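The model shown is predicted, which means the values in this text are computed figures rather than measured ones.
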Amino acid sequence: MWSKQRPQHPLNSVVDLPQDISEGQYLARPRGNEPQLRAQPRASGEPPLALVLGATGYVGGRLVPRLLTGGYRVRVLARSVERIKALPWSDNVDMIHGDAQDRETMRRATQGVDVIYFLIHSMSSNTGFSSIDHSIAENVALCAHDAGVRRIVYLGGLHPENVKLSPHLASRTEVGEILLRSGVPTVVLQAGVIIGSGSASFEMIRHLTEVLPYMPAPKWVKNRIQPIAVRDVLFYLMAAARLDPSINRAFDIGGPDVFRYSEMMNGYAAEAGLPPRVIAALPVLTPRLASHWVGLVTPVPRKIARPLVESLQHECVVKNRDIDSAVPLPEDGLTTYRDAVRLALGRIAVDDVETSWVDARIANAPSDPLPSDPDWAGRKVFVAQNEKASTASTADVWQVITQIGGKTGWYSASFLWGVRGFIDRVAGGVGLRRGRRSMKALSAGDALDVWRVEHLEPGKLLRLRAEMLLPGEAWLELGVEPHADGSRYWQRAIFFPRGLTGRLYWASMLPFHALIFERMARRITTLAEEKSTNS
């Protein structure tokens, strides 16, 4: 089995320091400007235009800057304008606001496009996701054909043949088939478990291994899996755009290693410097029960864990290496599983996770922004507001505000926050353990434990929208403004109740609000003043 090995994460081996985005120097490999990935100009000499669907997702968020580095013009279709504007490459792309299901929006998005990257996947345990996936695929196929798009590249799921697939894998397979019938040359890349910092699959392996030295596990831990590093997924995605127009087919892609899932967990343990884990496969854990178990043990919520668990019910290995005849291997070869884990741990160690599953949109979570105050007229709303004057500068207070959540916590009543997060997890919500992608950066659209950053005005206001399970809609605002010889910190919790249950919920929480929010205001200003004194 794996040998125990204490991890070492030298900065130079895993992180490329930021330089110029146009040169791609801040990106880990592949950067996109490698000769076999660089954009091929149109006959007119003009750079090709790539449309990325799913640009705010885990893979899409990494692909866009590499396409830009590779010489592509990039267009993105997104439902959240603020989320796109918060990303470091937003000024370099053409953005269209809208939904991929809308025919007119998609027609506008596909005009003049050379290649479409279809990276949209439903990560939901709710019924109806399959029909949504089908509708989007049909819409994209039709509009791409009508617009004369030269290539579609779709990232699907690796799966065995002649077995009954899980609903999510079946849906992804159907999407690939729809695109292949579109009349537009299409490449469907079928990948299994993706290993990289921030991927849901990696975080599931990581936390299962770290939390449980002895692990009763579902029987699928004995299944063979062929993981692939996220850097190799990006390599294949970019290379696929340059394939001959005659190629219209699916390719399996995978890394050089094939393991049982239990071996992958012990491979992680070896890289993380942990003792080997004892893993006992139990035949009684159904995907439903296993997803509950994963949801409680790891930060990955049940709604995301279930499709991941379902995809592991069968052995998922590459059926052939046909991709090698179409796309030559990267210059330094495909990344081994152990190297992929080491690189992911290195990124985490230096707090440089490029994209993360935590920022994925949670199905059925509230998505409407906070109405402006005049719009509250005629609606029942509860507000709890606190403010506190401070001798600290607004900059020092703001820095403390933006460190909230994740490893820092919520500056007050950690036990009560923990209890509320645990209740949310048991009920199937995201819970506090979702954390945040980075402790050094915060942007609109980022997940923050049970909250989502809805709006951010640097140095002034942080507005969070609740994604916990609630009988209503809730927001938490934290702000700072100049005041006298220092600053004034303020915060307000806003709750729009739903029916009698919502009103009773707010009433039951009032005693805890008085404790939590008053302490939060006091702790934030105290920390800011200590920082101001020590600087």
Provide the full list of salt bridge (charged side-chain N to carboxylate O under 4.0 Å, His left out) pairs with a residue in residues 44-62, sequence neighbours left out, each pair given once. Arg42-Glu46, Glu46-Arg73
Where do His159 and Cys316 come nearest, in terms of heavy atoms and distance? CA-SG, 4.3 Å
Could you check whether any side-chain N or O of Ser171 sits under 3.5 Å from a backbone N or O of Pro167, counting only pairs where one atom can act as donor and the other as acceptor? no
What pairs with Asn223 under side-chain hydrogen bond (donor to acceptor under 3.5 Å, both in side chains), at least two apart in sequence or on another chain? none
Closest non-hydrogen atom pair between Val115 and Val153, with its separation: CG2-CG2, 4.1 Å
Distance-only donor-acceptor check, side chains Glu467 and Trp451, under 3.5 Å: no
Could you check whether any side-chain heavy atom of Leu68 comes within less than 4.5 Å of a side-chain heavy atom of Trp89, counting everything from C-beta outward? yes
Closest heavy-atom pair and its distance - Val184, Arg151: CG1-N, 3.9 Å
Main chain of Ile136, side chain of Gln101: is a donor-acceptor contact present, judged purely on distance under 3.5 Å? no
Distance (rounded to the nearest 0.5 Å) between Leu49 CG and Ile116 CD1: 9.5 Å
Might you work through the side-chain contact (heavy atoms from CB on, under 4.5 Å) test for Ile225 and Glu315, ending with a clear yes or no? CA-CA 6 Å; Ile225 307 292; Glu315 294 197 340; over 6 Å; no
Sorted by chain and residue number, the side-chain hydrogen bond (donor to acceptor under 3.5 Å, both in side chains) partners of Ser438 (sequence neighbours excluded) come out as Asp351
Asn33 and Arg38: side chain donor to acceptor below 3.5 Å: no
With no hydrogens and no angle check, just 3.5 Å: does a side-chain donor-acceptor pair link Asp133 and Ser130? no
His121 ring center within less than 6.0 Å of Tyr154 ring center: yes
So, are Glu263 and Arg260 salt-bridged, with charged N and O less than 4.0 Å apart? no
Gln36 versus Val327: any side-chain heavy-atom pair under 4.5 Å? no
I'd like to know if the side chain of Arg436 and the backbone of Ala447 have a donor-acceptor N/O pair within less than 3.5 Å. no
By ring pair (Phe, Tyr, Trp, His ring centres under 6.0 Å), which residues pair with Tyr72, not counting sequence neighbours? none
Any side-chain heavy atom of Leu189 sitting closer than 4.5 Å to one from Val187? yes
I'd like to check Leu180 versus Val188 (side-chain heavy atoms, cut-off strictly below 4.5 Å). Are they in contact? yes
Would you sort out whether Val230 and Phe202 count as a side-chain contact (heavy atoms from CB on, under 4.5 Å), showing the intermediate values? CA-CA 10 Å; Val230 66; Phe202 175 72; over 6 Å; no
Could you tell me whether a side-chain N or O of Asp114 sits under 3.5 Å from a main-chain N or O of Arg150, the two making a donor and an acceptor? no
Check Arg347 against Ala28 and note the closest heavy-atom contact, atom names and distance. NH2-CB, 2.8 Å
Taking 4.0 angstrom as the limit, do Arg83 and Asp446 come out as a salt bridge? yes
Any donor-acceptor pair under 3.5 Å linking the side chain of Tyr268 with the backbone of Thr209? no
Any heavy-atom pair between the side chains of Phe118 and Leu179 that's under 4.5 Å? yes
Provide the full list of side-chain hydrogen bond (donor to acceptor under 3.5 Å, both in side chains) pairs with a residue in residues 174-188, sequence neighbours left out, each pair given once. His134-Glu174
Could you tell me whether Arg321 and Asp252 make a salt bridge, using a distance below 4.0 angstrom between a side-chain N and a carboxylate O? no
Is the terminal nitrogen or CZ of Arg231 (NZ for Lys, CZ for Arg) located under 6.0 angstrom from the six-membered ring centre of Phe235 and within 45° of that ring's axis? no
Quick one, Val193 with Met264, criterion side-chain contact (heavy atoms from CB on, under 4.5 Å). Give me CA distance, side-chain angles, the key distance, then yes/no. CA-CA 11 Å; Val193 172; Met264 290 173 59; 4.0 Å; yes
Determine, step by step, whether Leu370 and Arg465 satisfy the side-chain contact (heavy atoms from CB on, under 4.5 Å) criterion, reporting the C-alpha distance in whole Å, the side-chain angles of both residues, the deciding distance to 0.1 Å, and the verdict. CA-CA 8 Å; Leu370 177 67; Arg465 183 181 70 243; over 6 Å; no
With rounding to the nearest 0.5 Å, note down the distance linking CE in Met238 to CD in Glu34. 7.5 Å
Would you indicate whether Lys222, at its atom NZ, is surrounded by more than 12 heavy atoms from other residues, nucleotides or ligands within a distance under 6.0 Å? no
Between OG1 on residue Thr355 and CG on residue Leu63, distance to nearest 0.5 Å: 10.5 Å
Answer yes or no: is there a donor N or O on one side and an acceptor on the other, between the side chain of Ser197 and the main chain of Ala344, under 3.5 Å? no
One thing to verify: whether Asp146 and Arg107 come together as a salt bridge, which I'm taking to mean a side-chain N less than 4.0 angstrom from a carboxylate O. yes
With a 6.0 Å cut-off (strictly less than), is the heavy-atom count around NZ of Lys440, excluding the residue itself, greater than 12? yes
To the nearest 0.5 Å, what is the distance between CZ on Phe259 and CZ on Arg338? 8.0 Å
So, do Leu53 and Leu119 sit near enough that their side-chain heavy atoms are less than 4.5 Å apart? no
In Å and rounded to the nearest 0.5 Å, what is the CG to CG distance from Leu243 to Asn248? 11.0 Å
Does any N or O in the side chain of Ser199 come within less than 3.5 Å of the main-chain N or O of Ile195, such that one atom is a donor and the other an acceptor? no
Strictly distance-based, threshold 3.5 Å: is any side-chain N or O of Gln226 a donor or acceptor partner for the main-chain N or O of Gly255? yes
Would you check if Ile84 and Ser80 make a side-chain contact, meaning some heavy-atom pair closer than 4.5 Å? no
Is the side chain of Thr69 donor-acceptor paired with the backbone N or O of Pro65 at a distance under 3.5 Å, no angle test? yes
Roughly how far, to the nearest 0.5 Å, is the CD1 atom of Ile152 from the OG1 atom of Thr110? 10.0 Å
Test your reading of the model: is there a side-chain donor-acceptor pair from Lys85 to the backbone of Ala444, 3.5 Å cut-off? no
Basic-acidic side-chain contact under 4.0 Å: Glu203, Arg434: no
Minimum-distance pair of heavy atoms, taken over all atoms of Pro41 and Pro48: CA-CD, 4.1 Å
Are Tyr236 and Leu334 packed together at the side-chain level, in the sense that at least one heavy-atom pair is separated by less than 4.5 angstrom? yes
Minimum heavy-atom separation for Ala137 to Val175, with atom names? CB-CG1, 3.9 Å
List the residues meeting side-chain contact (heavy atoms from CB on, under 4.5 Å) with Asp91, not counting sequence neighbours, and say none if there are none. none
